[in-house]
2 protein chains.
Amino acid sequence: MPLWAQLESALRARLDAGEFDDRFPTDGDLVAEYQVSRHTVREAIRHLNSTGILRRERGRGTVVNRAFDQPLGALYSLFESIEASGAVQRSRVIALREERDAFVAGQLELDRDAPLVYLERVRYADDEPLALDRAWLPMAVAAPLLDSDFEHTALYEQLDARCGLRPNSGWERIAPVVPGGRERELLQMRVGEAAFFLERLSSADGHPIERRTTTIRGDRYRFVSTFEAGVAPALVASAT
Amino acid sequence: MPLWAQLESALRARLDAGEFDDRFPTDGDLVAEYQVSRHTVREAIRHLNSTGILRRERGRGTVVNRAFDQPLGALYSLFESIEASGAVQRSRVIALREERDAFVAGQLELDRDAPLVYLERVRYADDEPLALDRAWLPMAVAAPLLDSDFEHTALYEQLDARCGLRPNSGWERIAPVVPGGRERELLQMRVGEAAFFLERLSSADGHPIERRTTTIRGDRYRFVSTFEAGVAPALVASAT
DNA sequence: GATGTCCAAATGTCCGTATATTCGGTTCGA
DNA sequence: TCGAACCGAATATACGGACATTTGGACATC
């Protein structure tokens, strides 16, 4: 294991323990403490930096990014874009309970009858329904969430605060659907109207911790991607 | 401007000119050529690397990622993923003619009554309809395409060969729809089934040259995005 | 012909040092 | 009291050199 990688995991451990909440050591401090060159320190911090845990500011120092360990991907960008548009976001909790589901358990790499925390919400932007959100998490790690108030706080916020988990990788899949029955009603959509169906499996440190499906009204939101030679295209949600 | 940034843009320019198609210089070569330290070279390459243009392999060297130079975006990745899956692709030309359309002309930054080349195709994968593809291009630059055989060649191929144009930037927008009437029939979809509606405007050197809409069957294809902290999420099409 | 060994090339890792730039606070003068 | 100038701290940029590790090919051996 390279020196910088050892240093990275050492710092990560201390970060997780909350050691540097007020102030992160400077390059020089770490050189002195770990007896390595500044170059090595910077290589370790560069990695911590790229994962979004740290933010370096020239002339000020290195600060810990507690709040902005951002849930990633198109779903996150959707809610972010609504936030940016100035619309007021609100959630209504439809269900928050224990559940068992063989398929979901499989995706979360659990036994098929393992207990799960199930959270179902309708999300509103400016009092208009925007999305129906269903999330399943392993009861083994997410049990504390059963007491949470998800009308006023975000899932990932609670997941971090109560369970100490921060998703940092995963995948999403987007399909077109025509919602029916209860789903269509909750979203106040017209019969035969199309919507996005977004599936997501997010993991923390390689272990899946959340299976989520989100049905998003298609009349108000789009996924946009700009592309340019030499730059990887990025998928971003936008309001129409 | 930092030295490494200058080096980065210099290398980028040479890459765009296609200079390193066969082999990218080694660290040592660049040190010798630009008279900077290896540290600076690596800083520049690190950035080129993070945008996905280059890939370094220990013991082998630095190689160019030409894939990113192709017509980009989700639409391209769709047909590429079908290709990769081994399915046989085929196109049936429904229409290839001159047309006028005020809205499209506006998007292409032309006069509202400017003549356009209009191409409409149904695309098949293994003899099953996959997508309905409509493209508009300015007659002023794309007139030679009216003689092309689009059953057996790709649009961008002809555009390059006959008009000398290669799209290198643009945007795409994805929405869910329920195709009706003729569209549904051509795609052999059931009534009330959902599909993707993909709009695209692509440009060459900043000038829009192609407006395209593609209706993609939703039952067979999905858009997938994997995400990881510190890495830009990439949108990729995949067959179900 | 298959296998093993060695070597050169290329990138990865690591150290030490020096200067530049930026930020925040302090000091000083009008 | 306010603004400008200054200063220390911290990161950014840049150079130099050295050794480690991996890859792929050349070569020899069985």
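Chain letters run A, B, ... following the sequence lines, proteins first and then strands; every chain starts at 1.
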Inset, instruction - Starting from the 5' end of DNA chain C, give me the residue, R60(A) or S37(A), whose nearest nucleotide shows up first. - result: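 Looking at DNA chain C, the more 5' nearest nucleotide goes with S37(A).
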
Inset, instruction - Hey, which sits more toward the 5' end of DNA chain C by its nearest nucleotide, R58(A) or N49(B)? - result: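 The residue mapped nearer the 5' terminus is N49(B).
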
Inset, instruction - Return no unless some side-chain N or O of R23(A) is found under 4.0 Å from OP1 or OP2 of dA10(D). - result: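 So the side-chain polar atoms of R23(A) do come within 4.0 Å of the phosphate oxygens OP1 or OP2 of dA10(D), strictly under.
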
Legend entry - Phosphate OP1/OP2 of dG12(C) contacted by R42(B) side-chain N/O (<4.0 Å):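 Affirmative; the distance criterion is met.
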
Legend entry - Spacing of CZ belonging to R200(B) relative to CD1 belonging to I174(B), to within rounding of 0.5 Å: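 Spacing of CZ (R200(B)) from CD1 (I174(B)) equals 10.5 Å.
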
Between [N] atom [atom2] and [X] atom [atom1], what is the distance in whole Å?
X	N	atom1	atom2	result
I45(B)	dG12(C)	CD1	P	9 Å
W4(A)	dC19(D)	CH2	C1'	18 Å
R55(B)	dT11(C)	CZ	P	13 Å
R56(A)	dT21(C)	CZ	P	18 Å
H39(A)	dA14(D)	NE2	P	14 Å
L7(A)	dC15(C)	CG	C1'	15 Å
R46(B)	dA14(D)	CZ	C1'	13 Å
H47(A)	dG12(C)	NE2	P	11 Å

Of the listed nucleotides ([options]), which one gets closest to any side-chain atom of [X]?
X	options	answer
V36(A)	dC15(C), dG24(C), dA10(C)	dC15(C)
P2(A)	dT11(D), dT13(C), dA14(D)	dT13(C)
L3(A)	dC14(C), dA18(D), dA14(D)	dC14(C)

Do [X] and [Y] have side-chain heavy atoms sitting under 4.5 Å apart?
X	Y	value
L119(A)	L145(A)	no
L137(A)	V141(A)	no
L165(B)	E210(B)	no

Inset, instruction - Mark yes or no for a side-chain to base donor-acceptor pair under 3.5 Å between R38(A) and dA10(D), with no hydrogen or angle criteria applied. - result: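 No.
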
Inset, instruction - Looking at every strand, decide which applies to E43(A) at a 4.0 Å heavy-atom threshold: base, sugar-phosphate, or nothing. - result: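 No contact.
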
Legend entry - Between Q6(A) and Y34(A), a side-chain donor and acceptor under 3.5 Å: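 Looking only at side-chain atoms, Y34(A) and Q6(A) do not form any donor-acceptor pair under 3.5 Å.
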
